[in-house]
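Reckoned from all heavy atoms, side chains included, excluding hydrogens, waters and symmetry mates.
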Amino acid sequence: MEREGLEWIGAFLRLLVSWGASSAMIFGGVVPYIPQYRDIRRTQNAEGFSIYVCLMLLIANILRILFWFGHHFESPLLWQSIIMIVTMLLMLKLCTEVRVANELNPKRRSFTDFDTAFFWHWSRFIDYVQCVLAFTGVTGYITYLFLDSTLFVEILGFLAVFTEALLGVPQLYRNHQNYSTEGMSIKMVLMWTSGDTFKSAYFVLNQAPFQFTICGLLQVFVDIAILLQVYIYSAYPQKPVSHTTHATSAKAL
């Protein structure tokens, strides 16, 4: 009787740990953006955050959802992608509103202008939504046509996780351009690092597709590189965070 009780407790604890790990996978990815979102709202300045991070995460998670139709993986990873897409759209909405409000002599730019010089630097949030819907429609149709091809599905999965693995690169490049990490939330990067480490371990333990594991480790290396920038650029005098966005800055990453 006592042995059965211990087995029941052990099974319950394993189930609890499994639920906890799944919940961490689903919601853990969006947690790092909470401090950055709050910093932008508080300072009304989004110059320190690269919105190309949002672009890469939107692409990566849309491709990951399409990959699921050809190669089913764990449900927590699927839900993580859906929640991440919503989070990135909220980040874009805030960054767009703040940037437009701070611009001097703002000139309206829209997705339908098809001006590559101002790609992903439009004046209205709806333009970003239109771009995301257009990308989803095109890639979704292509996936539908080639869903029976194992090679196509595996390439799609690799592109999804490889794009996500490089999500820190725009921030890394922006910091390098400015020789400063001013305006970037260090808490966000620390959470990136811890989250990506946990995610990589989760992929290994749950025998996720190999693309997930390789690119998860690449993400950790990029996160560490950004943390090294924080240490290196701390020796440089920090640039004051301006509350006005000049026209030329629209082309910067």
Side-chain angles (χ1 to χ4, degrees), residues 30 32-66 81-142 159-160 162-164 166-185 188 226 239-253:
V30 304
Y33 298 96
I34 295 175
Q36 184 70 70
Y37 186 92
R38 294 178 63 185
D39 285 350
I40 294 173
R41 280 186 68 92
R42 178 176 53 83
T43 62
Q44 287 297 295
N45 188 289
E47 289 186 53
F49 176 71
S50 174
I51 58 173
Y52 283 92
V53 170
C54 300
L55 172 63
M56 298 188 76
L57 274 175
L58 285 167
I59 292 174
N61 285 282
I62 290 168
L63 293 179
R64 189 198 285 185
I65 292 172
L66 295 175
S81 291
I82 295 170
I83 292 173
M84 183 62 77
I85 288 171
V86 174
T87 302
M88 289 302 101
L89 289 174
L90 290 174
M91 286 292 295
L92 276 174
K93 186 175 186 297
L94 175 64
C95 290
T96 304
E97 290 173 352
V98 169
R99 176 169 52 81
V100 172
N102 291 336
E103 277 185 342
L104 299 175
N105 302 318
K107 180 182 178 181
R108 175 164 290 189
R109 299 179 292 271
S110 66
F111 168 64
T112 52
D113 292 338
F114 301 111
D115 186 349
T116 56
F118 292 101
F119 175 77
W120 211 246
H121 278 282
W122 301 304
S123 303
R124 300 176 304 164
F125 171 65
I126 190 64
D127 292 300
Y128 294 95
V129 175
Q130 290 172 353
C131 180
V132 170
L133 290 176
F135 175 79
T136 304
V138 171
T139 53
Y141 182 68
I142 294 172
L159 289 175
F162 185 70
T163 304
E164 184 177 359
L166 298 178
L167 77 92
V169 172
Q171 191 66 57
L172 188 78
Y173 180 67
R174 189 183 189 93
N175 295 342
H176 173 70
Q177 274 190 319
N178 297 334
Y179 286 96
S180 171
T181 56
E182 187 73 17
M184 180 195 74
S185 172
M188 177 186 71
I226 295 176
K239 296 180 180 180
V241 180
S242 167
H243 284 271
T244 57
T245 303
H246 300 287
T248 54
S249 69
K251 298 183 182 180
L253 287 178

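- Judged purely by atom type and a 3.5 angstrom limit, Arg174 uses its side chain to pair as donor or acceptor with the backbone of Glu47.
- Residue-environment remark: CZ (Phe114) exceeds the threshold of 12 foreign heavy atoms within 6.0 Å.
- Asp113 places a side-chain N or O within donor-acceptor distance of the main-chain N or O of Ser110, the cut-off being under 3.5 Å.
- Here the side chains of Leu92 and Leu58 are in contact, with some heavy-atom distance below 4.5 Å.
- Atom-to-atom distance recorded for Ile82:CD1 and Ile62:CD1 is 11.5 Å, nearest 0.5 angstrom.
- Between the side chain of Ser123 and the backbone N or O of Arg109 there is at least one donor-acceptor pair closer than 3.5 Å.
- When every heavy atom of Ser81 is checked against every heavy atom of Arg64, the shortest pair comes out as OG-CD, 2.9 Å.
- Residues Leu159 and Phe162 fail the side-chain proximity criterion, which asks for heavy atoms closer than 4.5 Å.
- Asn175 places no side-chain N or O within donor-acceptor distance of the main-chain N or O of Ile226, the cut-off being under 3.5 Å.
- Side-chain atoms of Asp127 and Thr96, non-hydrogen and from C-beta on, never get closer than 4.5 Å to each other.
- Looking only at side-chain heavy atoms (C-beta outward), Leu94 and Phe49 stay at 4.5 Å or farther from each other.
- Using a 4.5 Å cut-off on side-chain heavy atoms (C-beta onward), Leu63 and Phe135 make contact.
- The distance between the ring centers of Trp122 and Phe125 does not fall below 6.0 angstrom.
- In this structure, OH on Tyr37 lies 15.0 Å from CE on Met188, to the nearest 0.5 angstrom.
- Heavy-atom minimum distance, Trp120 versus Cys54: CZ2-C, 4.5 Å.
- Taking every heavy atom of both residues into account, Thr136 and Thr139 meet most closely at O-OG1, 3.3 Å.
- Between Ala160 and Ala60, the closest heavy-atom pair is O-CB, 3.3 Å.
- The shortest side-chain heavy-atom distance between Ile51 and His121 falls under the 4.5 Å cut-off.
- Take Arg38 and apply the side chain to side chain donor-acceptor pair (under 3.5 Å) test, not counting sequence neighbours, and it matches no residue.
- Listed for the Asn178 side chain is no donor-acceptor partner under 3.5 Å among the backbone atoms of Ser180.
- From Met184, atom CE reaches atom CG of Leu172 across 9.5 Å, with rounding to the nearest 0.5 Å.
- Inter-residue side-chain proximity for Leu90 and Tyr33 is flagged as unmet; no heavy-atom pair is nearer than 4.5 Å.
- Here CE of Met84 is found 6.0 Å from OG1 of Thr87. Values are rounded to the nearest 0.5 Å.
- For Gln36 against Ser185, the heavy-atom pair with the smallest separation is OE1-N, 3.0 Å.
- Once rounded to the nearest 0.5 Å, the distance linking OH of Tyr52 with CG of Leu166 reads 15.5 Å.
- Of all heavy-atom pairs between Met56 and Thr163, the closest is O-CG2, 3.4 Å.
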